[in-house]
Amino acid sequence: MTFPKDAELLGSNSEELEIKGSGAHTLVRLSADGRRKLVADLTNTAGRSRSRVYLLLGNIRGANDASVLNVYINPPEGAHTGEHPDLMAGAVGLYGLRRASIQSGQHDGSGLTFVLDVTTTLGELLTTKSLDADVIRVSIVPQRQLQDSAGIVVARVSIVSVPAQ
Amino acid sequence: MIYNSREYARLQKRVFSISLIAWIVILLEPISSSCCAPKQLEMLLALSPAVLHAGNWGLMLIAMMAPTLVPAIYHIRISSFVRRRVRSIALFAVGYGAVWIAAGGVILAIALGVMWWARQSYLPAGAVAAVALVWQASPLKQRCLNRTHGHRALAAFGAAADWDLFRMGCEHGLWCTGSCWAVMLFSTLLPEGHFLAMVAVSALMFCERLDPPKTPSWQWRGFGTALRYLHLRVRGPQSRLVSFASNAQI
(Lines give C-alpha, C1' and ligand atoms only; values in the text may rest on other atoms or scores of the structure.)
Protein backbone atom coordinates (compact mmCIF):
# COMPACT_ATOMS: atom_id res chain seq x y z
CA MET A 1 0.00 0.00 0.00
CA THR A 2 1.40 3.42 -0.93
CA PHE A 3 0.33 6.63 0.71
CA PRO A 4 0.03 9.85 -1.30
CA LYS A 5 2.97 12.12 -0.65
CA ASP A 6 2.69 15.41 1.19
CA ALA A 7 3.39 18.92 -0.05
CA GLU A 8 7.02 19.82 0.47
CA LEU A 9 8.93 23.06 0.97
CA LEU A 10 11.81 23.26 -1.52
CA GLY A 11 13.27 26.68 -0.78
CA SER A 12 12.69 30.03 0.84
CA ASN A 13 14.16 33.52 1.07
CA SER A 14 15.72 34.57 4.33
CA GLU A 15 14.21 37.91 5.24
CA GLU A 16 11.25 40.19 4.64
CA LEU A 17 11.15 41.89 1.26
CA GLU A 18 10.03 45.50 1.05
CA ILE A 19 8.52 46.53 -2.30
CA LYS A 20 8.91 50.18 -3.17
CA GLY A 21 9.53 52.37 -6.19
CA SER A 22 9.92 50.22 -9.27
CA GLY A 23 10.13 46.93 -7.40
CA ALA A 24 12.51 44.67 -5.56
CA HIS A 25 14.03 41.25 -5.82
CA THR A 26 14.88 38.46 -3.42
CA LEU A 27 16.82 35.23 -3.56
CA VAL A 28 15.02 31.98 -2.82
CA ARG A 29 17.61 29.51 -1.58
CA LEU A 30 16.84 25.85 -2.22
CA SER A 31 17.79 23.17 0.28
CA ALA A 32 19.90 20.29 -1.07
CA ASP A 33 16.91 17.96 -0.95
CA GLY A 34 14.70 20.69 -2.36
CA ARG A 35 16.92 21.18 -5.38
CA ARG A 36 16.99 17.45 -6.09
CA LYS A 37 13.24 17.21 -5.79
CA LEU A 38 12.68 20.27 -7.95
CA VAL A 39 14.79 18.83 -10.76
CA ALA A 40 13.05 15.45 -10.39
CA ASP A 41 9.60 17.07 -10.48
CA LEU A 42 10.36 19.23 -13.49
CA THR A 43 12.04 16.50 -15.54
CA ASN A 44 9.55 13.77 -14.76
CA THR A 45 8.08 13.04 -18.16
CA ALA A 46 7.08 9.47 -17.36
CA GLY A 47 3.46 8.34 -17.52
CA ARG A 48 2.78 9.37 -13.93
CA SER A 49 1.28 12.78 -13.41
CA ARG A 50 4.05 15.00 -12.09
CA SER A 51 4.00 17.29 -9.09
CA ARG A 52 3.16 20.96 -9.47
CA VAL A 53 5.58 23.57 -8.21
CA TYR A 54 4.22 26.73 -6.62
CA LEU A 55 5.67 30.08 -5.63
CA LEU A 56 4.21 31.41 -2.38
CA LEU A 57 4.17 35.10 -1.57
CA GLY A 58 3.36 34.82 2.11
CA ASN A 59 1.87 37.34 4.53
CA ILE A 60 2.02 40.44 2.32
CA ARG A 61 1.23 43.51 4.39
CA GLY A 62 0.89 47.16 3.47
CA ALA A 63 -1.30 50.21 3.17
CA ASN A 64 -1.83 50.45 -0.58
CA ASP A 65 -4.76 48.38 -1.90
CA ALA A 66 -4.60 49.60 -5.46
CA SER A 67 -1.45 47.84 -6.54
CA VAL A 68 -0.79 45.00 -8.90
CA LEU A 69 2.52 43.19 -8.64
CA ASN A 70 4.11 41.27 -11.50
CA VAL A 71 6.28 38.38 -10.40
CA TYR A 72 9.26 37.22 -12.46
CA ILE A 73 11.48 34.18 -12.03
CA ASN A 74 15.23 34.51 -12.66
CA PRO A 75 15.24 37.64 -14.83
CA PRO A 76 18.77 38.63 -15.92
CA GLU A 77 20.29 41.10 -13.48
CA GLY A 78 19.84 44.69 -14.61
CA ALA A 79 17.52 43.72 -17.46
CA HIS A 80 14.14 45.35 -17.97
CA THR A 81 11.62 42.75 -16.85
CA GLY A 82 9.11 43.88 -19.48
CA GLU A 83 11.41 42.39 -22.11
CA HIS A 84 11.06 38.92 -20.57
CA PRO A 85 7.37 38.01 -20.55
CA ASP A 86 8.34 34.34 -20.68
CA LEU A 87 9.83 34.71 -17.19
CA MET A 88 6.69 36.14 -15.69
CA ALA A 89 5.17 33.74 -13.14
CA GLY A 90 2.01 35.77 -12.72
CA ALA A 91 0.47 38.95 -11.35
CA VAL A 92 -1.23 39.51 -8.03
CA GLY A 93 -3.71 42.25 -7.14
CA LEU A 94 -3.46 43.50 -3.60
CA TYR A 95 -7.14 44.27 -3.13
CA GLY A 96 -8.04 44.21 0.54
CA LEU A 97 -4.41 44.50 1.60
CA ARG A 98 -4.91 47.40 4.00
CA ARG A 99 -7.70 45.72 5.98
CA ALA A 100 -5.89 42.39 6.02
CA SER A 101 -2.82 44.14 7.46
CA ILE A 102 -4.63 45.71 10.40
CA GLN A 103 -5.23 43.78 13.59
CA SER A 104 -8.91 44.46 14.14
CA GLY A 105 -12.23 42.68 14.07
CA GLN A 106 -11.82 39.19 12.71
CA HIS A 107 -8.50 39.99 11.02
CA ASP A 108 -5.30 39.07 12.80
CA GLY A 109 -3.23 41.43 10.66
CA SER A 110 -1.22 38.70 9.00
CA GLY A 111 -1.89 40.13 5.53
CA LEU A 112 -2.50 38.37 2.23
CA THR A 113 -0.90 35.25 0.81
CA PHE A 114 -0.76 34.39 -2.89
CA VAL A 115 0.13 31.16 -4.63
CA LEU A 116 1.43 31.10 -8.23
CA ASP A 117 1.92 27.97 -10.30
CA VAL A 118 5.50 28.18 -11.61
CA THR A 119 5.83 24.61 -12.90
CA THR A 120 5.95 25.65 -16.57
CA THR A 121 8.22 28.66 -16.03
CA LEU A 122 10.75 26.70 -13.98
CA GLY A 123 10.53 23.75 -16.37
CA GLU A 124 11.46 25.98 -19.30
CA LEU A 125 14.30 27.56 -17.33
CA LEU A 126 15.60 24.10 -16.55
CA THR A 127 15.39 23.10 -20.21
CA THR A 128 17.36 26.16 -21.31
CA LYS A 129 19.96 25.54 -18.54
CA SER A 130 19.11 28.88 -16.96
CA LEU A 131 18.32 27.21 -13.66
CA ASP A 132 21.65 25.82 -12.62
CA ALA A 133 22.19 27.34 -9.20
CA ASP A 134 20.92 26.63 -5.72
CA VAL A 135 19.30 30.02 -5.72
CA ILE A 136 16.30 31.31 -7.66
CA ARG A 137 15.97 35.03 -8.11
CA VAL A 138 12.42 36.34 -7.75
CA SER A 139 11.68 39.87 -8.92
CA ILE A 140 8.50 41.63 -7.88
CA VAL A 141 7.67 44.61 -10.06
CA PRO A 142 4.62 46.83 -9.49
CA GLN A 143 2.64 47.72 -12.61
CA ARG A 144 2.71 51.35 -11.52
CA GLN A 145 5.56 52.96 -9.60
CA LEU A 146 4.93 52.69 -5.84
CA GLN A 147 5.30 55.55 -3.41
CA ASP A 148 7.48 54.95 -0.37
CA SER A 149 4.42 55.35 1.85
CA ALA A 150 2.85 52.24 0.30
CA GLY A 151 4.86 50.19 2.78
CA ILE A 152 4.30 46.87 1.02
CA VAL A 153 6.24 44.05 2.66
CA VAL A 154 6.35 40.39 1.65
CA ALA A 155 7.14 38.41 4.80
CA ARG A 156 8.29 35.31 3.00
CA VAL A 157 8.82 34.07 -0.56
CA SER A 158 9.03 30.30 -0.87
CA ILE A 159 8.77 27.47 -3.38
CA VAL A 160 6.67 24.40 -2.65
CA SER A 161 6.13 21.15 -4.48
CA VAL A 162 2.66 19.62 -4.32
CA PRO A 163 2.16 16.05 -5.55
CA ALA A 164 -0.58 15.46 -8.09
CA GLN A 165 -3.66 13.97 -6.39
CA MET B 1 -0.82 28.53 2.60
CA ILE B 2 -0.97 25.42 0.45
CA TYR B 3 -3.86 23.34 1.80
CA ASN B 4 -4.18 19.67 0.97
CA SER B 5 -7.24 18.08 2.57
CA ARG B 6 -5.84 14.52 2.50
CA GLU B 7 -2.56 15.60 4.07
CA TYR B 8 -4.47 17.56 6.70
CA ALA B 9 -6.68 14.56 7.46
CA ARG B 10 -3.65 12.29 7.88
CA LEU B 11 -2.00 14.76 10.23
CA GLN B 12 -5.22 15.11 12.20
CA LYS B 13 -5.44 11.34 12.67
CA ARG B 14 -1.87 11.20 13.98
CA VAL B 15 -2.42 14.05 16.43
CA PHE B 16 -5.73 12.59 17.60
CA SER B 17 -3.99 9.25 18.17
CA ILE B 18 -1.38 10.91 20.38
CA SER B 19 -4.15 12.66 22.31
CA LEU B 20 -6.05 9.39 22.70
CA ILE B 21 -2.98 7.64 24.10
CA ALA B 22 -2.59 10.44 26.64
CA TRP B 23 -6.27 10.10 27.60
CA ILE B 24 -5.85 6.35 28.08
CA VAL B 25 -2.78 6.88 30.30
CA ILE B 26 -4.71 9.39 32.40
CA LEU B 27 -7.67 7.03 32.65
CA LEU B 28 -5.57 4.00 33.59
CA GLU B 29 -3.41 5.73 36.17
CA PRO B 30 -5.62 8.34 37.75
CA ILE B 31 -3.56 8.75 40.90
CA SER B 32 -0.32 9.62 39.21
CA SER B 33 -1.74 11.37 36.16
CA SER B 34 -4.74 13.35 37.26
CA CYS B 35 -2.58 15.86 38.97
CA CYS B 36 -5.34 18.36 39.04
CA ALA B 37 -7.95 16.22 40.78
CA PRO B 38 -8.28 17.92 44.16
CA LYS B 39 -8.34 14.62 46.07
CA GLN B 40 -4.88 13.75 44.91
CA LEU B 41 -3.52 17.24 44.70
CA GLU B 42 -2.65 17.74 48.32
CA MET B 43 -1.06 14.32 48.67
CA LEU B 44 0.95 14.75 45.49
CA LEU B 45 2.14 18.21 46.44
CA ALA B 46 3.35 16.80 49.75
CA LEU B 47 5.04 13.71 48.39
CA SER B 48 6.15 14.38 44.85
CA PRO B 49 8.65 16.72 43.31
CA ALA B 50 7.54 19.62 41.17
CA VAL B 51 8.86 17.81 38.12
CA LEU B 52 6.18 15.14 38.52
CA HIS B 53 3.45 17.76 38.56
CA ALA B 54 4.89 19.38 35.47
CA GLY B 55 4.94 15.97 33.81
CA ASN B 56 1.37 15.19 34.79
CA TRP B 57 0.20 18.62 33.71
CA GLY B 58 2.04 18.05 30.42
CA LEU B 59 0.23 14.74 29.95
CA MET B 60 -3.08 16.48 30.51
CA LEU B 61 -2.09 19.20 28.04
CA ILE B 62 -1.27 16.61 25.38
CA ALA B 63 -4.62 14.92 25.92
CA MET B 64 -6.71 18.09 25.97
CA MET B 65 -4.85 20.54 23.74
CA ALA B 66 -3.23 18.44 21.01
CA PRO B 67 -6.42 18.24 18.89
CA THR B 68 -6.68 22.04 18.89
CA LEU B 69 -3.14 22.36 17.53
CA VAL B 70 -3.66 20.57 14.20
CA PRO B 71 -3.95 23.79 12.10
CA ALA B 72 -0.81 25.25 13.68
CA ILE B 73 1.16 22.02 13.21
CA TYR B 74 -0.02 21.82 9.61
CA HIS B 75 1.22 25.36 9.03
CA ILE B 76 4.59 24.44 10.54
CA ARG B 77 4.88 21.27 8.43
CA ILE B 78 4.18 23.11 5.21
CA SER B 79 6.54 25.97 6.15
CA SER B 80 9.49 23.75 7.11
CA PHE B 81 11.88 21.63 5.12
CA VAL B 82 11.14 17.92 5.40
CA ARG B 83 14.35 17.26 7.34
CA ARG B 84 13.47 19.94 9.87
CA ARG B 85 9.81 19.09 10.42
CA VAL B 86 10.18 17.06 13.62
CA ARG B 87 12.57 19.63 15.08
CA SER B 88 10.24 22.47 14.08
CA ILE B 89 7.19 20.88 15.66
CA ALA B 90 9.23 20.05 18.79
CA LEU B 91 10.36 23.68 19.16
CA PHE B 92 6.81 24.91 18.74
CA ALA B 93 5.66 22.38 21.36
CA VAL B 94 8.39 23.53 23.79
CA GLY B 95 7.28 27.17 23.52
CA TYR B 96 3.61 26.26 23.73
CA GLY B 97 4.18 23.86 26.62
CA ALA B 98 6.31 26.38 28.54
CA VAL B 99 3.49 28.90 28.59
CA TRP B 100 0.95 26.28 29.68
CA ILE B 101 3.28 24.88 32.35
CA ALA B 102 3.58 28.39 33.80
CA ALA B 103 -0.19 28.83 33.61
CA GLY B 104 -0.60 25.38 35.16
CA GLY B 105 1.47 26.50 38.14
CA VAL B 106 -0.91 29.38 38.75
CA ILE B 107 -4.02 27.21 38.26
CA LEU B 108 -2.71 24.52 40.62
CA ALA B 109 -1.78 27.13 43.22
CA ILE B 110 -5.31 28.53 43.08
CA ALA B 111 -6.73 25.00 43.34
CA LEU B 112 -4.58 24.30 46.40
CA GLY B 113 -5.65 27.56 48.03
CA VAL B 114 -9.32 26.85 47.35
CA MET B 115 -8.97 23.32 48.72
CA TRP B 116 -7.49 24.69 51.92
CA TRP B 117 -10.33 27.20 52.19
CA ALA B 118 -13.29 24.99 51.16
CA ARG B 119 -12.45 21.30 51.03
CA GLN B 120 -14.87 19.08 49.06
CA SER B 121 -17.11 22.02 48.26
CA TYR B 122 -18.70 22.65 44.88
CA LEU B 123 -19.02 26.35 45.67
CA PRO B 124 -15.66 27.47 44.25
CA ALA B 125 -16.15 25.35 41.11
CA GLY B 126 -19.65 26.80 40.73
CA ALA B 127 -18.36 30.35 41.07
CA VAL B 128 -15.63 29.72 38.50
CA ALA B 129 -18.20 28.05 36.20
CA ALA B 130 -20.20 31.29 36.25
CA VAL B 131 -17.04 33.29 35.45
CA ALA B 132 -16.19 30.78 32.69
CA LEU B 133 -19.63 31.18 31.13
CA VAL B 134 -19.30 34.97 31.10
CA TRP B 135 -15.77 34.66 29.68
CA GLN B 136 -17.01 32.17 27.06
CA ALA B 137 -19.45 34.78 25.75
CA SER B 138 -17.15 37.80 26.03
CA PRO B 139 -15.52 39.72 23.15
CA LEU B 140 -12.14 39.25 24.84
CA LYS B 141 -12.47 35.49 24.45
CA GLN B 142 -13.17 35.97 20.74
CA ARG B 143 -10.05 38.13 20.43
CA CYS B 144 -7.99 35.31 21.91
CA LEU B 145 -9.63 32.76 19.61
CA ASN B 146 -9.01 34.96 16.57
CA ARG B 147 -5.34 35.16 17.43
CA THR B 148 -5.05 31.38 17.70
CA HIS B 149 -6.19 31.19 14.07
CA GLY B 150 -3.40 33.46 12.81
CA HIS B 151 -0.05 32.02 11.84
CA ARG B 152 3.13 34.04 11.39
CA ALA B 153 5.49 33.64 8.44
CA LEU B 154 8.34 31.38 9.54
CA ALA B 155 11.99 31.55 8.58
CA ALA B 156 13.14 28.34 6.91
CA PHE B 157 16.86 28.21 7.67
CA GLY B 158 19.06 27.99 10.75
CA ALA B 159 18.70 29.68 14.10
CA ALA B 160 16.19 32.18 12.73
CA ALA B 161 13.83 29.29 11.96
CA ASP B 162 14.31 27.78 15.43
CA TRP B 163 13.64 31.11 17.11
CA ASP B 164 10.55 31.78 14.97
CA LEU B 165 9.10 28.40 15.89
CA PHE B 166 9.76 28.79 19.60
CA ARG B 167 8.24 32.28 19.46
CA MET B 168 5.22 30.98 17.57
CA GLY B 169 4.76 28.30 20.25
CA CYS B 170 4.90 30.92 23.02
CA GLU B 171 2.48 33.25 21.23
CA HIS B 172 0.08 30.43 20.45
CA GLY B 173 0.32 29.24 24.05
CA LEU B 174 -0.44 32.72 25.37
CA TRP B 175 -3.56 33.18 23.25
CA CYS B 176 -4.64 29.62 23.98
CA THR B 177 -4.21 30.18 27.71
CA GLY B 178 -6.14 33.43 27.42
CA SER B 179 -8.92 31.60 25.68
CA CYS B 180 -9.12 28.52 27.94
CA TRP B 181 -7.98 29.55 31.44
CA ALA B 182 -11.49 29.76 32.91
CA VAL B 183 -12.73 26.34 31.81
CA MET B 184 -9.41 24.75 32.79
CA LEU B 185 -9.66 26.29 36.26
CA PHE B 186 -13.26 25.10 36.53
CA SER B 187 -12.38 21.48 35.72
CA THR B 188 -9.47 21.64 38.19
CA LEU B 189 -11.64 22.86 41.06
CA LEU B 190 -14.31 20.17 40.78
CA PRO B 191 -14.16 17.86 43.83
CA GLU B 192 -15.69 14.96 41.84
CA GLY B 193 -16.15 14.16 38.17
CA HIS B 194 -12.83 15.68 37.24
CA PHE B 195 -12.19 13.34 34.32
CA LEU B 196 -15.62 13.86 32.75
CA ALA B 197 -15.23 17.61 33.12
CA MET B 198 -11.86 17.42 31.35
CA VAL B 199 -13.44 15.51 28.46
CA ALA B 200 -16.29 18.02 28.17
CA VAL B 201 -13.92 20.99 28.34
CA SER B 202 -11.67 19.40 25.69
CA ALA B 203 -14.63 18.88 23.35
CA LEU B 204 -15.70 22.50 23.85
CA MET B 205 -12.18 23.85 23.22
CA PHE B 206 -11.81 21.72 20.09
CA CYS B 207 -15.19 22.73 18.69
CA GLU B 208 -14.81 26.46 19.32
CA ARG B 209 -11.62 26.35 17.23
CA LEU B 210 -13.60 24.91 14.31
CA ASP B 211 -15.47 28.21 14.00
CA PRO B 212 -13.81 30.80 11.76
CA PRO B 213 -12.48 34.07 13.23
CA LYS B 214 -15.26 36.54 13.97
CA THR B 215 -15.61 40.17 14.95
CA PRO B 216 -15.45 40.21 18.78
CA SER B 217 -18.86 40.65 20.40
CA TRP B 218 -21.00 39.21 23.20
CA GLN B 219 -22.29 35.84 22.03
CA TRP B 220 -22.24 32.17 22.96
CA ARG B 221 -19.51 30.31 21.18
CA GLY B 222 -18.45 26.72 20.96
CA PHE B 223 -21.64 25.08 22.25
CA GLY B 224 -23.57 25.20 18.95
CA THR B 225 -20.59 23.91 17.01
CA ALA B 226 -20.11 21.13 19.56
CA LEU B 227 -23.72 19.99 19.11
CA ARG B 228 -23.46 20.13 15.32
CA TYR B 229 -20.15 18.23 15.42
CA LEU B 230 -21.68 15.59 17.68
CA HIS B 231 -24.70 15.31 15.40
CA LEU B 232 -22.43 14.91 12.38
CA ARG B 233 -20.39 12.22 14.11
CA VAL B 234 -23.43 10.28 15.36
CA ARG B 235 -25.66 10.47 12.29
CA GLY B 236 -22.98 10.85 9.63
CA PRO B 237 -22.60 13.45 6.87
CA GLN B 238 -25.06 11.66 4.58
CA SER B 239 -28.17 12.12 6.73
CA ARG B 240 -28.93 15.60 5.46
CA LEU B 241 -28.32 14.58 1.84
CA VAL B 242 -30.60 11.55 2.17
CA SER B 243 -33.44 13.60 3.65
CA PHE B 244 -32.93 16.22 0.92
CA ALA B 245 -33.06 13.51 -1.76
CA SER B 246 -36.23 11.95 -0.31
CA ASN B 247 -37.89 15.36 -0.14
CA ALA B 248 -36.94 16.00 -3.76
CA GLN B 249 -38.57 12.69 -4.81
CA ILE B 250 -41.82 13.62 -3.09
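Just so we're on the same page: letters track the sequence lines, and every chain starts at 1. Excluded from the calculations below are hydrogen atoms, water molecules and symmetry mates; all remaining heavy atoms, backbone and side chain alike, are included.
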More than 12 foreign heavy atoms under 6.0 Å from [atom1] of [X]: is that the case here?
X: Tyr95(A); atom1: OH; result: no
X: Arg152(B); atom1: CZ; result: yes
X: Gln219(B); atom1: CD; result: yes
X: Arg98(A); atom1: CZ; result: no

| query | Between CG of Asp33(A) and CZ of Arg83(B), what distance do you get to the nearest 0.5 Å? | reply |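 Spacing of CG (Asp33(A)) from CZ (Arg83(B)) equals 4.0 Å.
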
Supply the atom-to-atom distance Arg77(B) CZ to Leu9(A) CG, rounded to the nearest 0.5 angstrom.
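If we round to the nearest 0.5 Å, Arg77(B):CZ and Leu9(A):CG are 12.0 Å apart.
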
request  = Under 4.5 Å, counting heavy-atom pairs only, tell me which of Glu15(A), His107(A), Gln103(A) racks up the most with chain B.
outcome  =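 Answer, by heavy-atom pair count under 4.5 Å with chain B: Gln103(A).
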
Region of [X] in contact with chain A, defined by heavy-atom distances below 4.5 Å:
X: Ala160(B); value: neither
X: Ser80(B); value: backbone
X: Leu154(B); value: both
X: Arg85(B); value: side chain
X: Arg143(B); value: neither
X: Phe81(B); value: both

Check your understanding: Just by distance, do the side chain of Glu8(A) and the backbone of Val82(B) share a donor-acceptor pair under 3.5 Å?
Key ->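 It does not hold such a pair.
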
Just so I know, are the side chains of His149(B) and Asp108(A) near enough to count as touching, which here means a heavy-atom distance under 4.5 Å?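 They are not in side-chain contact.
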
Determine the minimum heavy-atom distance between Ala153(B) and Arg156(A), stating which atoms define it.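 Reported closest heavy-atom pair: CB-CB, 4.1 Å.
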
Ser31(A) portion near chain B, given a 4.5 angstrom heavy-atom threshold
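Contact with chain B is through both the backbone and side chain of Ser31(A).
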
